[in-house]
Asker: 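Attaching a single structure in structure tokens format; questions to follow.
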Amino acid sequence: MKILRTAAEMTAWSNQENSQGRTICLVPTMGFFHEGHLSLMRMAASLADHVVVSLFVNPMQFGPNEDLEGYPRDFARDCDLVERQGGAVLFAPDHEEMYPEGFQTQVLVRKLTSPLCGRKRPGHFVGVTTVVSKLFHIVKPRIAVFGEKDYQQLAVIRRMTQDLNMDIEIKGHPIVREPDGLAMSSRNSYLSAGERQAALCLYKSIEACREQVRKGKRDSLRLIDGIKIILQSHPAVAIEYVAIVDEITLTDCATVDRHSILALAVKVGKTRLIDNGKLIIE
Ligand code: AMP
């Protein structure tokens, strides 16, 4: 596996491989890998000749009071894990390489970024779409894989590639969970033992909501009220949002149907966690 640090080296490698007819699948990440990231890498390996994993903790997508400084990092371990998944390149640029002096361009997807996480994290998605656009231009992949864990991000990236005629296929990967249901996240490392237990309420409320839907309850506002009661029963948990939205437009659904997603964001102690799931599984 190669570790490349500059955009020029990365693009030169990709040009060479693309000119030989070998396809590249990109997995963009912020590192501190867990089994969720590794599953994305394995999916990528099944879709293309080469897997390129990018590792960049992107300051543009963090708000001023968020966890940029403390974001967990372990570069040596991450390199080892990419190598073991058969990754061809780990692209790990530094801040100067991605945002050199004079940098001033942003990519903005409008409507899809306003609800859910966009409401609480202004500027987050513009940071995501800007860095992902840069990565797409630098790495020149045929395919890119993103996790459904960050459901809104996936929807926004799909929209961006379509709107800007980027010739890259976007693949979503299902959420990878711990055996007890907690969605894997680099940020789970922040949780104390008690918070880790409380964090299970996210998955439990998705399951409880699915059960209500199975019993025929379809009124979103009532279902959301039920979920809020579950979440509020944990003193360490503060709700950021609970929403039932259409899987494509991310607009609120008044009644649940086959296209409805339950999306949740909470703070457990100081740690912000998100989760989501379809309410009717066919
Ligand atoms: P991150 O390093 O957290 O920015 O995540 C990099 C990619 O991995 C994103 O596309 C995430 O959606 C995806 N990802 C993170 N956690 C999970 C998970 N538990 N299941 C599936 N995908 C995930």
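For ligands, and for the atoms within them, numbers begin at 1 and follow the listed sequence. The shown structure was predicted, so the numbers you read here are calculated from the model rather than taken from an experiment.
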Asker: Which of the atoms in ligand 1, numbered in the order shown and given with their element, are less than 4.0 Å from a heavy-atom of Ile175?
Answerer: 20 (N), 21 (C)
Asker: Are Asp180 and Arg196 ion-paired here, with the side-chain N under 4.0 Å from a carboxylate O?
Answerer: yes
Asker: Can you find an N/O atom of Pro28 closer than 3.5 Å to an N/O atom of ligand 1?
Answerer: no
Asker: What part of Ser185, side chain, backbone, both or neither, has a heavy atom within less than 4.0 angstrom of ligand 1?
Answerer: neither
Asker: Give yes if a backbone or side-chain nitrogen or oxygen of Gly36 is under 3.5 Å from a nitrogen or oxygen of ligand 1, and no if not.
Answerer: no
Asker: Val176 to ligand 1: N or O pair under 3.5 Å?
Answerer: yes
Asker: Do ligand 1 and Gly147 have nitrogen or oxygen atoms that lie under 3.5 Å from each other?
Answerer: yes
Asker: I'd like to know if Arg210 and Glu207 make a salt bridge, using a cut-off of under 4.0 Å between side-chain N and carboxylate O.
Answerer: yes
Asker: Taking side chain to side chain contact (heavy atoms under 4.5 Å, CB included) as the criterion, tell me which of Leu262, Leu264, Ile175 meets it with Asn276.
Answerer: Ile175
Asker: Which atoms of ligand 1 sit under 4.0 Å from any heavy atom of His34?
Answerer: 15 (C), 16 (N), 17 (C)
Asker: May I ask you to say whether Lys2 pairs ionically with Glu9, meaning some side-chain N is under 4.0 Å from a carboxylate O?
Answerer: no
Asker: Is Ser186 in polar range of ligand 1, meaning some N or O pair under 3.5 Å apart?
Answerer: no
Asker: Which atoms of ligand 1 have any heavy atom of Met30 under 4.0 Å away?
Answerer: 1 (P), 2 (O), 4 (O)
Asker: If you have a sec, work out which protein heavy atom is nearest atom 5 (O) of ligand 1 and how many Å separate them, to one decimal?
Answerer: His37 NE2, 3.4 Å
Asker: Using a strict threshold of under 4.0 Å (side-chain N to carboxylate O), is an ion pair present between Glu97 and Arg5?
Answerer: no
Asker: Mind checking whether Tyr151 and Leu116 have side chains closer than 4.5 Å, heavy atoms only?
Answerer: no
Asker: Considering the heavy atoms of Met184, write down every atom of ligand 1 situated less than 4.0 Å from one of them.
Answerer: 16 (N), 17 (C), 18 (C), 19 (N)
Asker: Which heavy atom of the protein is the closest neighbour of atom 12 (O) of ligand 1, given with residue, atom name and distance?
Answerer: Asp150 OD2, 2.6 Å
Asker: Which residue and atom name correspond to the protein heavy atom nearest atom 23 (C) of ligand 1, and how close is it?
Answerer: Lys149 CB, 3.8 Å
Asker: I'd like to check Asn18 versus Ile24 (side-chain heavy atoms, cut-off strictly below 4.5 Å). Are they in contact?
Answerer: yes
Asker: Between Asp275 and Lys149 (salt bridge meaning N to carboxylate O under 4.0 Å), is one present in this structure?
Answerer: no
Asker: With heavy-atom distances below 4.5 Å as the criterion, would you say the side chains of Ile143 and Lys171 are in contact?
Answerer: yes
Asker: For atom 8 (O) of ligand 1, what's the nearest protein heavy atom and its distance?
Answerer: Leu40 CD2, 3.4 Å
